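One structure is given below, encoded as structure tokens.
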Amino acid sequence: MVHSQELGPTIAAALDDGPLRGTCMETHVVEGRPPSTVDVPADDGSTCRYCLAQWTQSGPSAVYTFLYRV
């Protein structure tokens with residue numbers, strides 16, 4: 001079993017638009033910054049890919065915008 005402390009810090013990823021608009025989820029930080037994309041499972045069984053809305057973000061959360069269904 002892997003404990004969350006072993007995976008490193010997380011940020012809150014706020015999904016700004018698309019099918020999952022208004023959803024907020026925890027995602028792991030990559031090399032000290034939010035990941036450039038996140039893949040999020042949707043209720044219909046598909047996966048939605050989101051990317052950072054702006055490259056420069058700070059604080060405990062980051063805003064993501066919808067790209068496409070994977």
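All values below were derived from every heavy atom in this structure, side-chain atoms included, with hydrogens, water molecules and symmetry-related copies excluded. As the structure is a computational prediction, the values presented were derived from the model and not from experiment.
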- Message: Which Ile, Leu, Val, Met, Phe, Trp or Tyr residues join Val63 in one cluster when any pair of side-chain heavy atoms under 4.5 Å counts as a link?
- Response: none

- Quick one: does Thr65's side chain get under 4.5 Å of Cys51's, heavy atoms only? yes

- Query: Does the side chain of Tyr64 come within less than 4.5 Å of Val38's, by heavy atoms?
  - Reply: yes

- May I have all residue pairs that pass salt bridge (Lys or Arg N to Asp or Glu O under 4.0 Å) and include part of residues 49-70, sequence neighbours excluded? Asp39-Arg49, Asp44-Arg69

- Side-chain heavy atoms of Val40 within contact of Leu15, under 4.5 Å: yes

- Can you list every salt bridge (Lys or Arg N to Asp or Glu O under 4.0 Å) pair that touches residues 51-67, not counting sequence neighbours? none

- Note, Phe66 side chain near Leu20 side chain (heavy atom, < 4.5 Å): no

- Test side-chain contact (heavy atoms from CB on, under 4.5 Å) applied to Ser61 - qualifying residues, sequence neighbours left out: Ala12

- Message: Membership question, hydrophobic clusters at under 4.5 Å side-chain separation (ILVMFWY): are Val70 and Leu67 in the same one?
- Response: yes

- Item | Gap between atom OH of Tyr50 and atom OG1 of Thr23 - 0.5 Å precision | 6.5 Å

- Does the side chain of Ser36 come within less than 4.5 Å of Trp55's, by heavy atoms? yes

- Message: On a heavy-atom basis, which atom in Ile11 and which in Pro34 lie closest, and how many Å separate them?
- Response: CD1-CB, 3.6 Å

- Message: Applying salt bridge (Lys or Arg N to Asp or Glu O under 4.0 Å) as the test, list every pair that has at least one member in residues 12-35; sequence neighbours left out.
- Response: none

- Message: Listing request: all salt bridge (Lys or Arg N to Asp or Glu O under 4.0 Å) pairs with a residue in residues 55-67, at least two apart in sequence or in separate chains.
- Response: none

